[in-house]
Amino acid sequence: MSRLTHIHAPDGVFPATQYTHVVMGTGRFVAIAGQLPLDGDGQLVGEDDPAAQARQVFDNLRHCLVAAGGSFRDVVKLTYYVTDMAHMPAIRAARDTYMDPARLPAASAVQVSALVSPRFLMEIEAYAVL
């Protein structure tokens with residue numbers, strides 16, 4: 001099991017409420033490719049529904065973490081690629097059902113003009129330390 005340290009507000013940095021500024025740990029590094037809102041059969045989940053897409057993406061991330069021998073407790077960084085920043089509240093709500101809101105990882109959110117298909121509203125990648 002990894003040991004992670006969360007530094008929510010380093011000296012001189014404005015505190016964040018939706019992520020942790022610094023997360024560090026010791027253990028095995030795991031990189032999880034950006035996950036899309038596709039189910040196990042490759043079917044889109046949540047056409048035009050950011051909440052449904054976010055839940056599917058986090059479920060896919062969970063499957064990837066388990067395959068690596070980890071869990072969401074081990075995630076040190078999430079990167080959100082969204083086609084519209086208006087989807088972030090739905091993403092955060094889904095995230096908070098999988099992760100402890102008091103121990104959030106570092107995070108970046110990037111609005112992109114497009115993903116691999118216009119039907120995808122988001123793609124999320126993760127880094128973990130196991």
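What you see is a predicted model; the values in this text were computed from it and never measured. Keep in mind that the numbers below use all heavy atoms, side chains included, and drop hydrogens, waters and symmetry copies.
- Aromatic ring pairs are classed by plane angle as parallel below 30°, tilted from 30° to 60° and perpendicular above 60°; the pair Phe72 and Phe58 is tilted.
- Between Ala9 and Val13, the shortest heavy-atom distance links the atoms CB-O, 4.1 Å.
- Closest approach of Gly25 and Val129 over heavy atoms only: C-CG1, 4.2 Å.
- Within the 3.5 Å criterion, the main-chain N or O of Leu121 finds no donor-acceptor partner in the side chain of Asp84.
- Nearest heavy atom pair, residue Asp41 against residue Asp39, reads N-OD1, 2.9 Å.
- A distance of 11.5 Å separates NE2 of His8 from OG1 of Thr17, quoted to the nearest 0.5 Å.
- One finds the CD1 atom of Ile124 at 6.0 Å from the CG atom of Leu61 (value rounded to the nearest 0.5 Å).
- A distance of 7.5 Å separates CZ in Arg3 from OG1 in Thr26, rounded to the nearest 0.5 Å.
- By the rule that hydrophobic residues join a cluster once side-chain heavy atoms approach within less than 4.5 Å of another member, Val82 and Leu44 end up as members of separate clusters.
- Criterion: ILVMFWY side-chain heavy atoms under 4.5 Å apart, direct or through other members. Under it, Val57 and Phe120 are not part of a common hydrophobic cluster.
- Glu123 has its side chain within reach of Leu36: a pair of non-hydrogen atoms, C-beta onward, lies under 4.5 Å apart.
- Each of Leu78 and Val110 belongs to its own hydrophobic cluster when Ile, Leu, Val, Met, Phe, Trp and Tyr are linked at side-chain heavy-atom distances under 4.5 angstrom.
- Residue Val23 comes nearest to His6 through the heavy atom pair CG2-CD2, 3.7 Å, listed as atom of the first residue, atom of the second, then distance.
- The shortest distance between side-chain heavy atoms of Arg95 and Leu104 falls below 4.5 Å.
- The closest side-chain heavy-atom distance from Val76 to Pro105 is not below 4.5 Å.
- From Arg119, atom CZ reaches atom OG1 of Thr83 across 13.5 Å, with rounding to the nearest 0.5 Å.
- Contact annotation: the side chain of Thr97 never approaches that of Arg55 to less than 4.5 Å [non-hydrogen atoms, C-beta and beyond].
- Of the listed residues (Gln111, Met85, Met88, His87), just one forms a side chain to side chain contact (heavy atoms under 4.5 Å, CB included) with Tyr80, and that residue is Met88.
- By the 30° and 60° cut-offs, the orientation of the rings of Tyr19 relative to His21 is perpendicular.
- Between the CZ atom in Arg73 and the CG atom in Leu65 there is a gap of 10.5 Å [rounded to 0.5 Å].
- Hydrophobic clustering, with ILVMFWY side chains joined whenever heavy atoms are under 4.5 angstrom apart, groups Tyr81 together with Leu38.
- Side-chain N or O atoms of Asp96 include none that pairs as donor or acceptor with a backbone N or O of Ala93 at under 3.5 Å.
- For the pair Gln35 (side chain) and Ala33 (backbone), a donor-acceptor distance under 3.5 Å is present.
- Here the CG atom belonging to Asp48 is positioned 8.0 Å from the CD atom belonging to Gln53, to the nearest 0.5 angstrom.
- Put simply, Tyr98 and Ile32 are part of the same group of oily side chains (I, L, V, M, F, W, Y) that touch within less than 4.5 Å, one to the next.
- Residues Leu4 and Arg103 approach most closely at CB-NH2, 4.0 Å, considering heavy atoms.
- Counting heavy atoms of neighbouring residues, nucleotides and ligands inside a 6.0 Å radius, atom OH of Tyr127 does not exceed 12 of them.
- The two atoms that bring Met122 and Pro50 nearest to each other are CE-O, 3.4 Å, heavy atoms only.
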